[in-house]
2 protein chains.
Amino acid sequence: MNDSASNGTDSGTDGTSPGPRRSDATRAAILEAARERFAADGYERATIRAIAKDARIDPSMVMRYYGNKEGLFAAAVSYDLKLPDLTSAARDEVGRALVTHFLAMWEENEELTAMLRVGATNQGGAERMQEIFREQLLPVARQACPDPEQAPARAGLVASQLLGLALTRYVLRFPPTVALAREEIVAWLGPTVQRYLTAPSP
Amino acid sequence: MNDSASNGTDSGTDGTSPGPRRSDATRAAILEAARERFAADGYERATIRAIAKDARIDPSMVMRYYGNKEGLFAAAVSYDLKLPDLTSAARDEVGRALVTHFLAMWEENEELTAMLRVGATNQGGAERMQEIFREQLLPVARQACPDPEQAPARAGLVASQLLGLALTRYVLRFPPTVALAREEIVAWLGPTVQRYLTAPSP
DNA sequence: AGCGTAGGCCAACACGTGTTGACAGTCCAG
DNA sequence: CTGGACTGTCAACACGTGTTGGCCTACGCT
């Protein structure tokens, strides 16, 4: 509950910007190591000691800069899926666009894998994923699907397919799923997502 | 590596059957508690002490009967998806049949949820899920899909959808996905799985 | 009845964890 | 030059974990 982000030291004459700190490199190294470890091991097995060793500093620095393990995780992974505005996209291409975007997001860094691994074991992680789903994927479904009443169910179906792909490809690493090329995935999953969003309920 | 299952004590005149032991009730209680805990908490957070407390016995009993924590997990969860023989089923109903079967399997006990949670965090768990995939789902795909060459990729796609549903419904518990009725899920996912198995590659 | 053996509990060990506080070097403002 | 803050290290604490061995009890066979 204590604040570890309270820093009143501005370094220049400009009073507005926080100003760069000498330890920014260390902070960044910690975050990068934390992302890797959380993505590879999940929450419980990603120990602060291991993260500190990867970042080549002392474990106590992690505590000083991020308060505790939970704070470190919150600082290391971001909640933003950066979903593009799909209203301008062609109505019958929303599925492919979504799959393409998710694939890119998932492979450009390890934050989402970390979040998924943690969400599978940690209660707090699961709740954070529910938030992401509700605040980011749900609005997209509301725009794309015909009956707004059905948006939650349809968004849930989309999430099941997209997260299922991430699970089998990046976490469980089923060989055939790992071997699929990006375009193949888009070609297979795009129509599925499209149908979940826009097809009349069966 | 040591054996904790070596029991040469037969209780009756019949020499063939192992014979019931006095501690069978305890063993069963341990396994049941273990399944619940592994399903609810994953491998690391499901402590032997907690399992023992649920089973109302001492933690050391768990060790005596199952050797170590890994042995307990192996004894608690089964690997058998009991996939029905789908050769006799109608060719265009394989998708719905698979989804229906998976839903029933997943909800009749907590073993699959436990396996999924553990697979997401534990290296050994992930490998065990790869085995299940390879030895049980893959053969079904080989029977159902036209070109045997494409069976692995198609089985991987099916796994992504089925495990994704399990993830969002039983682990992350996304409210809209939890709220779906079984028939709705079959109606939505059945055609998807069917397409992944039998449709010509896009 | 007597005895061996299995069932069960208790206390403890060794270890790894998150977390904390005291201490030394280092940079910059005054 | 001097003081204070920031950065970093070291050692330790309190706790929970898997795991082990010793002890007592009670059943079941002879």
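Within every chain, numbering begins at 1; the chains are lettered A, B, ... in the order of the sequence lines, protein sequences first and strands thereafter. Atoms considered below: every heavy atom in the structure, side chains included; atoms not considered: hydrogens, waters and symmetry mates.
For A:R22, taking side-chain heavy atoms from C-beta onward, the closest of the listed nucleotides D:dT19, D:dT9, C:dT26 is C:dT26. Residue B:S60 has its side chain nearest to D:dT20 when only C:dT19, D:dT7, D:dT20 are considered.
Nucleotide D:dT7 holds its P atom 8 Å from the CG atom of A:D24, rounded to whole Å. Rounded to an integer number of Å, the gap from A:I48 CD1 to C:dG18 C1' is 6 Å. Whole-Å rounding puts the A:M63 CE to C:dT19 P distance at 4 Å. C:dG18 atom P lies 14 Å from atom NZ of A:K53, rounded to whole Å. Protein atom CZ of B:R45 is 11 Å distant from nucleotide atom P of D:dT17, rounded to whole Å. Here D:dG18 presents its P atom at 10 Å from CG of B:L72, a figure rounded to the nearest Å. At whole-Å resolution of the value, CG in B:D58 and P in D:dT19 are 14 Å apart. Distance A:Y65 OH to C:dT19 C1': 17 Å, rounded to the nearest Å.
The phosphate of C:dG8 has OP1 or OP2 within less than 4.0 Å of a side-chain N or O from B:T26. Contact annotation: A:T47 side-chain N/O to C:dT17 OP1/OP2 distance is under 4.0 Å. Listed pair B:S23 / C:dG7 meets the phosphate criterion, a side-chain N or O lying under 4.0 Å from OP1 or OP2.
Using a 30° and 60° split on the angle between ring planes, B:Y170 and B:W106 fall in the parallel class, below 30°. Ring-plane geometry between A:Y196 and B:W188 is classed as perpendicular, the angle between the planes exceeding 60 degrees on a 0 to 90 degree scale with a lower cut at 30.
Side-chain contact of B:Y43 with A:T121: a donor-acceptor pair under 3.5 Å is absent, judged by distance alone. A:D80 and A:S78 share no side-chain donor-acceptor pair at under 3.5 Å.
The existence of a salt bridge linking A:R35 and A:E111 is confirmed by a sub-4.0 Å separation between a basic side-chain nitrogen and an acidic carboxylate oxygen.
Both A:R49 and A:R56 sit near DNA chain D, but only A:R56 has its closest nucleotide nearer the 5' end.
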